Amino acid sequence: MRPAAGDGDTQTPSRKVAVVSGGSRGLGRTLVERLLADGWRVATFSRRANEFTTAMSEAHPDDFHWEQADLGEPEAMRAFARTVGRRFGRTDLLVNNAGMLHQELLLTTPSKRIDSLITNNLTAPILLTQACARLMTRHGGNIINISSINAIRGFRGVSVYAAAKAGLDGFSRSLARELGAFNIRVNSIVPGFFDSDMTADVTERNRERIQHRTPLGRLGTADEIADAILFLTSARAHFVTGQSIVIDGGITC
Ligand SMILES: NC(=O)c1ccc[n+]([C@@H]2O[C@H](COP(=O)([O-])OP(=O)(O)OC[C@H]3O[C@@H](n4cnc5c(N)ncnc54)[C@H](OP(=O)(O)O)[C@@H]3O)[C@@H](O)[C@H]2O)c1
């Protein structure tokens, strides 16, 4: 039987290594905390350091790596993957978590903004995946792309973001076919609205609307989205690849 890929087993001689983009806040921060607690070594980047990344660097000097990198400079993704390879020697799990939401009607969106939404939400994750997948071909691995329900339902004002997230879902499915032979699984998680800085400026009226349209009657939490991601890293998901898993309290049902 082939060894299981990216399953979070901490008993193997070489500790498992997770790369999480955007691990300083929101869902990325929750994932960093939970992966470290589960015994993973974790590498992450964001545009700015903050109290959390500083505290993690101090508390886990051997197991946590943060550096400054910007999705808007996609070449930086390769450099980041190289640094992780040098520092930790392997990559078992990649979570393409960092993303950029900008709401504007397409008719008035400047082309520079369109470029930047596609670069941040699609091109950069693809390049980071390519760099990490090359390392994973040696021992198997697990790639999880964070999409959005905007990829599967229409919402005003987010058409370009939605296009990038739908692109990420399509990328995941086709890549699962390419990488299965290397025992690398590729899936996407499709969150509905959950509380984070990204949704902090949702008006009270819109929040009520979302809650009203959600069968479970509330927004989700980062921990609930992380639960689904950690399921994909567990032994219970070893036969799951090429799938998009919707975690949205039922708003798209
Ligand atoms: N929140 C929601 O309701 C929701 C719903 C569906 C999907 N999602 C998706 O879930 C993922 C996480 O969202 P979140 O709500 O946790 O976001 P968040 O709270 O805004 O956090 C985003 C993280 O990514 C980093 N980041 C943002 N832009 C970056 C850039 N250009 N380069 C490098 N790092 C960058 C941020 O750090 P810096 O700002 O310091 O760079 C931060 O660490 C995203 O892909 C988002 O599209 C969110």
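Computed from a prediction, not measured in an experiment: that's the story for all the values here. Remember, it's 1-based here, ligands and their atoms both numbered in the order they're listed. Index from 1, following the sequence.
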A.B. asks: What are the atoms of ligand 1, with element, lying closer than 4.0 Å to any heavy atom of G26?
C.D. replies: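 Listed by number with element, the hits are 16 (O), 19 (O).
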A.B. asks: Below a 4.0 angstrom heavy-atom separation, can you tell me which part of S147, side chain or backbone, both or neither, approaches ligand 1?
C.D. replies: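 Near ligand 1, S147 shows its backbone, while the atoms from C-beta on stay back.
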A.B. asks: Looking only at side chains, do N96 and T129 share a donor and an acceptor under 3.5 Å apart?
C.D. replies: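 Indeed, the side chains of N96 and T129 share at least one donor-acceptor pair under 3.5 Å.
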A.B. asks: Could you tell me which non-hydrogen atom of N121 sits nearest to which non-hydrogen atom of G99, and how far apart they are?
C.D. replies: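 Smallest heavy-atom distance, with atoms named: OD1-CA, 3.3 Å.
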A.B. asks: What residue and heavy atom of the protein are closest to atom 4 (C) of ligand 1, and at what distance?
C.D. replies: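 The closest heavy atom on the protein side is F194 CE2, 3.2 Å.
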A.B. asks: Quick test of your reading of the model: are R41 and D62 salt-bridged, counting only N-O distances below 4.0 Å?
C.D. replies: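 Not counted as a salt bridge, because no side-chain N and carboxylate O are separated by less than 4.0 Å.
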A.B. asks: At what distance is the nearest protein heavy atom to atom 29 (C) of ligand 1, and which residue and atom is it?
C.D. replies: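 Ranking protein heavy atoms by distance from atom 29 (C) of ligand 1, first comes R47 NE, 3.4 Å.
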A.B. asks: What verdict does the salt bridge (Lys or Arg N to Asp or Glu O under 4.0 Å) test give for E224 and R218, after you've listed the backbone C-alpha separation in whole Å, the side-chain angles of each residue and the deciding distance to 0.1 Å?
C.D. replies: CA-CA 12 Å; E224 287 168 327; R218 61 178 176 82; 2.7 Å; yes
A.B. asks: Just verifying a value: how many Å separate D248 CG and R213 CZ, rounded to the nearest 0.5 Å?
C.D. replies: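 The CZ atom of R213 is 10.5 Å from CG of D248, to the nearest 0.5 Å.
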A.B. asks: Test of understanding: given a 4.0 Å heavy-atom threshold, classify the contact between R29 and ligand 1 as side chain, backbone, both, or neither.
C.D. replies: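 Looking at R29 and ligand 1, no heavy atom falls under 4.0 Å.
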A.B. asks: Given side chains that start at C-beta, do those of Q68 and R48 come closer than 4.5 Å, heavy atoms only?
C.D. replies: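 Heavy-atom side-chain distance check fails, nothing below 4.5 Å.
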A.B. asks: Could you list the atoms of ligand 1 found under 4.0 angstrom from a heavy atom of N120?
C.D. replies: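 Numbered from 1, ligand 1 contributes 31 (N).
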A.B. asks: Would you check whether S196 has a nitrogen or oxygen atom less than 3.5 angstrom from a nitrogen or oxygen atom of ligand 1?
C.D. replies: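 Between S196 and ligand 1, an N or O pair is found under 3.5 Å apart.
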A.B. asks: Is the shortest distance from a Lys or Arg side-chain nitrogen in D70 or R47 to a carboxylate oxygen in the other one below 4.0 Å?
C.D. replies: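 No, no charged N to carboxylate O under 4.0 Å.
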A.B. asks: Starting from atom 40 (O) of ligand 1, find the nearest protein heavy-atom neighbour and note its residue, name and distance.
C.D. replies: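 Ranked first by proximity to atom 40 (O) of ligand 1 is R48 N, 3.2 Å.
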A.B. asks: I need the T30 OG1 to L35 CG distance, nearest 0.5 Å.
C.D. replies: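 T30 OG1 to L35 CG: 10.5 Å, rounded to 0.5 Å.
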A.B. asks: Give the residue and atom name of whichever protein heavy atom lies nearest to atom 34 (N) of ligand 1, and the separation in Å to one decimal.
C.D. replies: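 Scanning the protein heavy atoms, the shortest distance from atom 34 (N) of ligand 1 goes to S46 CA, 3.6 Å.
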A.B. asks: Who's the nearest protein heavy-atom neighbour of atom 10 (O) of ligand 1, and how far?
C.D. replies: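 The closest one turns out to be I146 CG2, 3.4 Å.
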A.B. asks: Which ligand 1 atoms are under 4.0 Å away from a heavy-atom of D197?
C.D. replies: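 Once the distances to D197 are compared, the set is 19 (O).
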A.B. asks: Before signing off on this row, confirm whether F45 and ligand 1 have an N or O atom pair separated by under 3.5 Å.
C.D. replies: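 The answer is no, given that F45 and ligand 1 share no N or O pair closer than 3.5 Å.
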A.B. asks: Just let me know how L27 lines up against ligand 1, side chain, backbone, both or neither, with a heavy-atom cut-off below 4.0 Å.
C.D. replies: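 Both backbone and side chain of L27 come within 4.0 Å of ligand 1.
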A.B. asks: Please state which part of N97 comes within less than 4.0 Å of ligand 1, counting heavy atoms only: side chain, backbone, both or neither.
C.D. replies: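 Answer for N97: both.
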A.B. asks: List the atom of T119, the atom of L71, and the distance in Å for their closest heavy-atom pair.
C.D. replies: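 So the two residues come closest at CG2-O, 3.8 Å.
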A.B. asks: For ligand 1, find out whether one of its N or O atoms is nearer than 3.5 Å to an N or O atom of F193.
C.D. replies: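 Among all N and O atoms of F193, none is under 3.5 Å from an N or O of ligand 1.
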A.B. asks: For ligand 1, which is the ligand I care about here, please tell me if G22 has any N or O atom under 3.5 Å from one of the ligand's N or O atoms.
C.D. replies: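 G22 vs ligand 1: N/O contact under 3.5 Å present.
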A.B. asks: Which residue and non-hydrogen atom of the protein lie closest to atom 43 (O) of ligand 1, and at what distance in Å?
C.D. replies: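 Ranking protein heavy atoms by distance from atom 43 (O) of ligand 1, first comes S24 OG, 2.7 Å.
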A.B. asks: Under 4.0 Å from a heavy atom of G99: give me the atoms of ligand 1 that qualify, with their elements.
C.D. replies: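 Listed by number with element: 27 (C), 28 (N), 44 (C), 45 (O).
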A.B. asks: What I want to know is whether T199 and ligand 1 share at least one N or O pair that is separated by under 3.5 angstrom.
C.D. replies: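 T199 vs ligand 1: no N/O contact under 3.5 Å.
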A.B. asks: Can you pull out the closest protein heavy atom to atom 36 (C) of ligand 1? Residue, atom name and distance to 0.1 Å, please.
C.D. replies: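 The closest one turns out to be R25 NH2, 3.3 Å.
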A.B. asks: Short list, please: which atoms of ligand 1 are under 4.0 Å from a heavy atom of Y161?
C.D. replies: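 Counting atoms of ligand 1 from 1, those under 4.0 Å from Y161 are 7 (C), 8 (N), 46 (C), 47 (O).
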A.B. asks: Angle class for the H65/F80 ring planes (parallel below 30°, perpendicular above 60°, tilted otherwise)?
C.D. replies: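 If you compare the ring of H65 with that of F80, the planes turn out tilted.
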A.B. asks: Any idea which heavy atoms bring S46 and W66 closest together, and the distance?
C.D. replies: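 Reported closest heavy-atom pair: OG-NE1, 2.9 Å.
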A.B. asks: Are any of the side-chain nitrogens in R90 or D92 under 4.0 Å away from the carboxylate oxygens of its partner?
C.D. replies: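 A salt bridge is present here (some side-chain N lies under 4.0 Å from a carboxylate O).
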A.B. asks: Side chain, backbone, both or neither: which applies to A69 and ligand 1 if a contact is any heavy-atom pair less than 4.0 Å apart?
C.D. replies: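 Within the 4.0 Å criterion, A69 contacts ligand 1 through backbone atoms alone.
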A.B. asks: At what distance is the nearest protein heavy atom to atom 6 (C) of ligand 1, and which residue and atom is it?
C.D. replies: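 Protein heavy atom at minimum distance: P191 O, 3.4 Å.
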A.B. asks: If every non-hydrogen atom of T241 is compared with every non-hydrogen atom of Q243, which pair is closest and at what distance?
C.D. replies: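 Heavy-atom minimum between the residues: O-NE2, 3.0 Å.
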